[in-house]
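Right, one structure below, let's go through it.
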Amino acid sequence: RTGRADVSNDRMNLKNSLLDAGRRALEKTDAQVLILGCLSFMGLARELEEELSVPVIDPGPASVCLAEALVRQGLRPGRKAYQYYKHEQV
């Protein structure tokens, strides 16, 4: 069973790991923004942004905003990427 302190400690370890990775990425590349690529990182963007001094994109709100934009524009997946299959009635 995971206690509240364990979850908090894991979150701190996760944040520290992301800070280390972010610093390395910023030092070794011309990156001007970081995009977190996992919903497990949701809610950490602002804290990382403050410490790294670059914009950090939070994956949760970003994915919802993208989905909203696609729906508003009436866009659908391409037929080559997502082929339509007729299902047989059973």
Side-chain angles (χ1 to χ4, degrees):
R1 186 170 169 240
T2 302
R4 186 178 205 112
D6 294 333
V7 171
S8 178
N9 191 34
D10 288 345
R11 193 78 171 161
M12 184 60 77
N13 289 336
L14 176 60
K15 178 185 166 190
N16 289 334
S17 294
L18 290 171
L19 282 170
D20 290 342
R23 286 186 187 107
R24 282 194 311 272
L26 294 169
E27 288 170 4
K28 294 182 179 186
T29 68
D30 293 330
Q32 297 178 4
V33 64
L34 298 175
I35 302 171
L36 302 178
C38 177
L39 287 175
S40 296
F41 304 153
M42 196 163 118
L44 289 172
R46 283 203 176 129
E47 294 175 53
L48 297 172
E49 210 171 84
E50 288 173 11
E51 295 202 37
L52 296 172
S53 300
V54 295
V56 179
I57 306 298
D58 194 317
S63 60
V64 170
C65 289
L66 176 60
E68 288 175 343
L70 295 173
V71 169
R72 283 188 184 133
Q73 294 178 60
L75 298 176
R76 305 275 185 258
R79 289 185 179 174
K80 287 185 179 181
Y82 297 96
Q83 296 179 9
Y84 175 77
Y85 295 99
K86 281 191 174 186
H87 298 284
E88 295 181 24
Q89 297 243 338
V90 180

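What you see is a predicted model; the values in this text were computed from it and never measured. Residue numbers count from 1 along this sequence.
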message = Just verifying a value: how many Å separate E51 CD and L44 CG, rounded to the nearest 0.5 Å?
response = 10.5 Å
task = May I have all residue pairs that pass side-chain hydrogen bond (donor to acceptor under 3.5 Å, both in side chains) and include part of residues 23-47, sequence neighbours excluded?
result = K15-E47
request  = Please name the pair of heavy atoms, one in F41 and one in L14, separated by the smallest distance, quoted to 0.1 Å.
outcome  = CE2-CD1, 3.4 Å
task = Report the distance from atom CG of L34 to atom CG of L26, rounding to the nearest 0.5 Å.
result = 5.0 Å
What side-chain donor-acceptor pairs closer than 3.5 Å can you find for residues 54-71, not counting sequence neighbours?
unit_1	atom_1	unit_2	atom_2	d
D58	OD1	G60	N	3.3
D58	OD2	G43	N	2.9
S63	OG	P59	O	3.1
S63	OG	G60	O	2.8

